[in-house]
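Counting starts at 1 for both ligands and their atoms, in listed order.
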Amino acid sequence: MRKMLVTGGAGFIGANFVHYWTRHHPEDRLTVLDSLTYAGNLENLRGVKDHPGFSFIRGDICDQALVEQILRERTVDTIVHFAAESHVDRSIHGPDEFIRTNITGTHSLLKAARQVWLEERSSGRKNGHRFHHVSTDEVYGSLGPDDPAFTEKTPYAPNSPYAASKAASDHLVRAYHHTYGLDVTTSNCSNNYGPYQFPEKLIPLMLINILAGKPLPVYGDGLNIRDWLHVEDHCRGIELILKKGRPGEVYNIGGNTELTNIEIIRILCSLLDRKIASDEDLRKRFPDSPAAVGKSSTSLISYVKDRPGHDRRYAIDPSKTMAELGYMPEITFEKGLRDTLMWYLENEAWWRSILDGTYRQWIRQQYGRGRDRTE
Ligand code: NAD
Ligand code: DAU
């Protein structure tokens, strides 16, 4: 039985991972540590809150004493580290929080793991720990149209403050393995999509704007390319790394689905237009959506000023993870996107409570303001 600490487990990927793990490993104990920034949402964990062995702690990864206490009291043997500031646009407008959480926070976790786990190891009490660090393909920089996809050997060239902060955290994780012998693995993955994604990221933002009849802001010429990965395939990749990954190694996880932003937006418009045109209830629920009055949602497409330093293309070469661990993305983009669209249609209350601020009000009533300066 594993005793796992999941940082950032109330965020998009972390929450999906918690659902995935409790479904596939119901015997394990799982503690989520999350400070509930604007991106953390307890509603994301509603489905697992009564799961035996699951518990939630609101706390900051920068609080080393708290993390040490959790590791000791719960005899944690595995850390899966998702907690981060994750949105590139926010990092451009305010990098400080990215440096604090992504670099200092990761370092604080590493220090806690070193303190508790290496102490246990040297006193012969326990063996078999794993610190898994979840990172991004953005650390590798931007590709030209004909460049080969990123491998684990691609030199780092982060371009945004977000990517630079993730790159720094990757280096710290690597250094703690080489210097102190901490048992670590790192995964660098491409753009995730799926349920519970905060509506500031491309896919949920566009979906919700189509439903509300609001403009769809396309940065620059819309021809930037991302490699899309369903969040469940990402979780499956992390599971394989935890089970079979070699300590000190880095594994790339991708979805083999390169698309331009404008292609994605046009697909979303067409899927929603067809859905709404054939469903009277949806037309009543979303009267401002163009399809409710027989128009095409592409009429909402609006080209806007480009993101500063906008990376042109990302693509992951997952062949090492495939060959060594048997990883294979299983969810086609077509199915994954349809399911995601259905999730957002069926969970309107989830995104409405984020957009109208009622969710944050509730969190403040439950916990006070905390130290969330990003609201
Ligand atoms: P997210 O922004 O949805 O969630 C981040 C979570 O971390 C939130 O629950 C937030 O409350 C929590 N958090 C933030 N600061 C914290 C702190 N100081 N202490 C404790 N908790 C804190 O992010 P996501 O999209 O789920 O990304 C998760 C991880 O995956 C990140 O490390 C990100 O860099 C990485 N990643 C994301 C993607 C993607 O497409 N979303 C792709 C590659 C890698
Ligand atoms: O590649 C992995 C990364 O993917 C993760 O490390 C990040 O945490 C995650 O946020 C994501 O970063 P991106 O910047 O690629 O994701 P985002 O959804 O913000 O944007 C995707 C693309 O869409 C990007 O080229 C910018 C563009 N875009 C985005 C928004 C929000 C638009 O054109 N309009 C928009 O309104």
Got more than 12 heavy atoms from elsewhere within 6.0 Å of [atom1], [X]?
X      : atom1 : result
Arg46  : CZ    : no
Arg29  : CZ    : no
Glu334 : CD    : no

Please state which part of [X] comes within less than 4.0 Å of ligand 1, counting heavy atoms only: side chain, backbone, both or neither.
X      : result
Leu36  : backbone
Ser135 : backbone
Tyr38  : neither

Does ligand 1 have any atom that is closer than 4.0 Å to a heavy atom of [X]?
X      : result
Ala15  : no
Asn191 : yes
Tyr193 : no
Ala10  : yes
Phe198 : no
Cys189 : yes
Ser190 : yes

Ligand 2 N/O within reach of [X] N/O, cut-off under 3.5 Å:
X      : answer
Ser190 : no
Tyr314 : no
Val218 : no
Asp89  : no
Ser86  : yes
Leu205 : no

Please list the nearest protein heavy atom to atom 29 (C) of ligand 2 with its residue and the distance rounded to 0.1 Å. Tyr219 CE1, 3.6 Å

Residue and atom name of the nearest protein heavy atom (relative to atom 25 (O) of ligand 2), distance in Å to one decimal: His310 NE2, 2.6 Å

Atom indices of ligand 1, in the order listed, that fall short of 4.0 Å to a heavy atom of [X]:
X      : result
Thr136 : 43 (C), 44 (C)
Val134 : 30 (O), 32 (O)
Ser86  : 1 (P), 2 (O), 23 (O), 25 (O)
Phe82  : 28 (C), 29 (C), 31 (C), 32 (O)
Gly59  : 19 (N), 20 (C)

N/O to N/O below 3.5 Å, does that happen between [X] and ligand 1?
X      : answer
Asn192 : yes
Ile61  : yes
His81  : no
Lys166 : yes
Asp60  : yes
Phe12  : yes
Thr37  : yes
Leu33  : no

Can you see whether His132 engages Thr78 through a side-chain donor-acceptor pair at a distance of less than 3.5 angstrom? no

Quick one: do the Asp273 and Ser297 side chains pair a donor with an acceptor below 3.5 Å? yes

Any salt bridge linking [X] with [Y]? Criterion: basic side-chain nitrogen under 4.0 Å from a carboxylate oxygen.
X      : Y      : value
Glu97  : Arg100 : yes
Arg90  : Glu85  : no
Arg236 : Glu330 : yes

Evaluating non-hydrogen atoms only, which member of [options] is closest to [atom]?
atom                    : options                        : answer
atom 7 (O) of ligand 1  : Ala83, Gly40, Ala39            : Ala83
atom 2 (C) of ligand 2  : Val304, Asp221, Leu202, Asp137 : Asp137
atom 31 (C) of ligand 2 : Glu200, Met206, Arg307, Arg312 : Glu200

Kindly indicate whether the side chain of His129, heavy atoms from C-beta on, has any atom under 4.5 Å from the side chain of Val116. no

Positive for ring pair (Phe, Tyr, Trp, His ring centres under 6.0 Å) with Tyr196, one of Trp343, Trp351, Tyr344: Trp343

In terms of relative ring orientation, are Phe333 and Trp228 parallel, tilted or perpendicular, with 30° and 60° separating the classes? tilted

What class does the angle between the rings of Tyr20 and Phe17 fall in, given that below 30° is parallel, 30 to 60° is tilted and above 60° is perpendicular? parallel

I need the contact type for [X] against ligand 2. Using non-hydrogen atoms and a strict under-4.0 Å cut-off, is it side chain, backbone, both or neither?
X      : answer
Val88  : side chain
Glu138 : side chain
Asn191 : both
Lys166 : neither

